[in-house]
Amino acid sequence: MEAAARDAQSGLEWRVTVPEGASVTVEYEAGPAGMAWAWLLACVLLLGARVSGFAKKVWKIGADDPRRVVHGLKVGVALTLVSVFYYTRPLYDGVGGAAMWAIMTVVVVFEYTVGGSVYKGFNRAVATASAGVLGLGVSWVASKSGDKLEPVITCGSLFLLAAAATFSRFIPTVKARFDYGVTIFILTYSLVAVSGYRVDELVALAQQRLVTIAIGIFICLAVCVLIWPVWAGQELHQLTVRNMEKLAAAVEGCVEDYFGEEEGAQAKSEGYKCVLNSKASEDSQANLARWEPAHGKFGFRHPYAQYAKLGAAMRHCAYCVETLNSCVGAELQAPESVKRLLTDVCTRLGAQCGRVLREASSSVATMTTSPALDFAVADMNTAVHELQGDMRELPFTLAGEPGEASLIDAMPLFTVASLLTEISTRIESVVDAVDTMASLASFKQADDDDDKKGDAELKTKVHPLNETDSDEPPEENKTTKPSEQV
């Protein structure tokens with residue numbers, strides 16, 4: 001009673017009696033200030049995590065291909081050089097206020113590859129010059145026609161030329177090679193046609209702009225070519241070689257995955273997707289490579305168009321590989337006892353298909369012709385004949401085998417074997433495209449010592465059909481902007 005009285009006098013409203021030895025944790029409800037600090041801390045931590053994740057992505061992009069970092073530095077160097085015309089009084093007085101056109105030219109012309117920069121620079125120079133000269137001529141004729149006919153001639157010429165130039169962009173050749181130039185032509189002619197300057201002032205203005213645009217294009221091409229150049233022709237060449245390696249791995253992976261020869265073959269069998277998705281990149285790079293000067297092994301008039309034909313042949317083969325890959329996960333499967341009857345010959349044929357593609361890839365990569373490719377094609381055809389012979393004997397083998405396996409159960413296996421035969425036929429089309437490229441690009445013959453060594457190895461091998469290449473192809477980067485095939 002005395003304790004309760006003391007508590008009442010001290011102002012306590014309630015009291016809890018805790019047993020001896022028990023632990024008690026008292027939680028206080030956070031006030032508005034505490035909740036605000038907690039929310040602010042959570043926002044800071046979330047922002048830090050996102051910034052850190054973005055920084056890791058940026059670092060990975062630069063680490064995967066350092067040329068992208070160099071490209072950014074090259075653009076900065078070009079803009080710094082062209083800005084000298086603004087900060088140097090003698091140069092600024094020479095070009096006048098049109099110096100800004102040089103900066104704009106560098107911004108819009110500088111591309112990742114040399115071919116892209118040459119393409120845009122040539123289109124911009126020709127379109128600006130032609131539109132300027134044509135606009136000056138029309139302006140002179142309109143000024144001599146009187147005040148009433150001048151706006152009619154000016155507006156009529158603008159309508160006709162803009163309509164014709166815009167329609168020309170639907171022509172495939174113009175779209176692929178001069179689309180940017182047509183856009184600049186319309187822009188330049190419109191500026192000249194609707195300008196309110198007198199003809200003499202218009203001529204001076206056109207001269208200043210042409211000079212500054214030429215300066216911008218020169219600086220842009222000089223930096224792009226002299227500082228770690230990225231050639232579209234080399235990019236196209238490497239893309240073709242990588243795709244051929246991936247297609248070889250995909251054929252082998254599909255066969256190994258279907259017959260259960262190797263674990264993890266599914267990852268290898270997905271390489272055909274890169275071949276199917278590379279058409280836009282091949283067409284774009286082939287179009288830009290035509291604008292590049294001779295460099296390295298890529299001489300003047302190098303057959304870049306043949307790369308598109310080779311890519312089409314590989315895609316024709318990749319479609320069949322895609323069908324073969326779909327048979328791996330199909331619900332209707334042949335019994336394992338039936339699969340074992342054709343496992344060896346199908347595996348040999350898959351290995352030979354991969355070997356032919358790798359030999360063709362090596363030929364393209366080194367720009368040399370070698371008899372090893374012909375030997376590989378001959379071995380592949382031998383494996384095809386063996387598979388066809390075993391397929392003809394399969395019904396009789398199933399009839400003599402004890403058990404419930406029938407010809408109907410073997411139909412999925414027949415499908416896989418037929419697809420392998422068709423793939424080998426389409427691989428021969430790829431080899432024909434490689435031979436055509438070797439003829440057009442004047443591939444060199446392989447060294448005699450290498451040929452003799454290769455022939456000796458082929459003769460000493462007891463089972464040449466089992467030879468495979470286990471090297472994994474490199475992964476493919478970037479993607480470029482699609483363009484139509486010329």
Side-chain angles (χ1 to χ4, degrees), residues 62 65-88 90-133 174 176-189 191 205-236 281 284-296 298 300 302 304 478-481 483:
D65 192 354
R67 296 178 302 177
R68 298 171 181 172
V69 180
V70 176
H71 175 67
L73 298 177
K74 288 161 62 176
V75 174
V77 170
L79 288 174
T80 302
L81 292 176
V82 79
S83 65
V84 173
F85 286 89
Y86 253 90
Y87 298 118
T88 306
L91 297 177
Y92 182 82
D93 294 338
V95 298
M100 181 59 68
W101 287 91
I103 297 177
M104 293 176 60
T105 300
V106 172
V107 172
V108 300
V109 167
F110 208 110
E111 290 291 330
Y112 180 68
T113 61
V114 176
S117 298
V118 175
Y119 158 74
K120 280 197 168 184
F122 177 82
N123 276 264
R124 185 172 180 83
V126 173
T128 302
S130 58
V133 171
V174 177
R177 297 188 179 184
F178 308 107
D179 184 70
Y180 178 72
V182 173
T183 304
I184 297 299
F185 176 86
I186 297 174
L187 175 62
T188 304
Y189 185 80
L191 292 175
L205 181 62
Q207 290 177 350
Q208 289 181 350
R209 289 186 178 179
L210 285 175
V211 170
T212 53
I213 288 175
I215 292 172
I217 293 175
F218 175 77
I219 293 177
C220 178
L221 295 181
V223 173
C224 189
V225 173
L226 298 179
I227 303 178
W228 202 343
V230 178
W231 302 96
Q234 291 182 357
E235 293 292 307
L236 175 62
S281 180
S284 176
Q285 292 177 1
N287 178 44
L288 297 179
R290 294 188 182 97
W291 297 91
E292 295 179 344
H295 56 280
F298 303 88
F300 181 68
H302 188 79
Y304 293 110
K478 124 181 193 184
T479 65
T480 44
K481 183 179 179 181
S483 73

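Looking at S284, its side chain never comes within 3.5 Å of a backbone N or O of S281 through a donor-acceptor pair. Looking only at distances, a side-chain donor or acceptor of E292 sits under 3.5 Å from a matching main-chain atom of A232.
T183 places none of its side-chain heavy atoms less than 4.5 Å from the side chain of L187. By the 4.5 Å heavy-atom criterion applied to side chains, Y304 and F298 are counted as neighbours. In this structure the side chain of V70 reaches within 4.5 angstrom of the side chain of K74, judged on heavy atoms. Side chains of H295 and Q234 form a contact here, defined as non-hydrogen atoms less than 4.5 Å apart.
Every residue two or more places apart in sequence or in another chain that forms a ring pair (Phe, Tyr, Trp, His ring centres under 6.0 Å) with Y119 is listed here: W291. Legend: residues meeting side chain to side chain contact (heavy atoms under 4.5 Å, CB included) with I184, ordered by chain and number and at least two apart, are R124, A127, T128, Y180, T188. Partners of F110 under the ring pair (Phe, Tyr, Trp, His ring centres under 6.0 Å) rule, at least two apart in sequence or in another chain, are H71. Under the side chain to side chain donor-acceptor pair (under 3.5 Å) criterion, T113 pairs with no residue at all, not counting sequence neighbours. For the salt bridge (Lys or Arg N to Asp or Glu O under 4.0 Å) test, residues two or more places apart in sequence or in another chain that qualify with K120 are E111.
Identified under the salt bridge (Lys or Arg N to Asp or Glu O under 4.0 Å) test for residues 215-228, with sequence neighbours left out: none.
What you find for N287 and A176 is that their closest heavy atoms are ND2-O, 2.6 Å. The two residues V82 and A102 have their closest heavy-atom pair at CG2-CB, 3.4 Å. A78 approaches V106 most closely through the heavy-atom pair CB-CG1, 3.8 Å. Closest heavy-atom contact between T80 and G76: OG1-O, 2.7 Å. Nearest heavy-atom pair across V114 and P229 is CG2-CB, 3.8 Å. Heavy atoms only, all atoms of each residue included: G121 and I217 are closest at O-CD1, 3.3 Å.
Interatomic distance, CD1 of I215 versus CG of L81, reported as 12.0 Å (0.5 Å rounding). If you take OH on Y112 and CG on D65, they are separated by 4.0 Å, rounding to the nearest 0.5 Å. Note that SG of C224 is 7.0 Å distant from CG of L221, once rounded to the nearest 0.5 Å.
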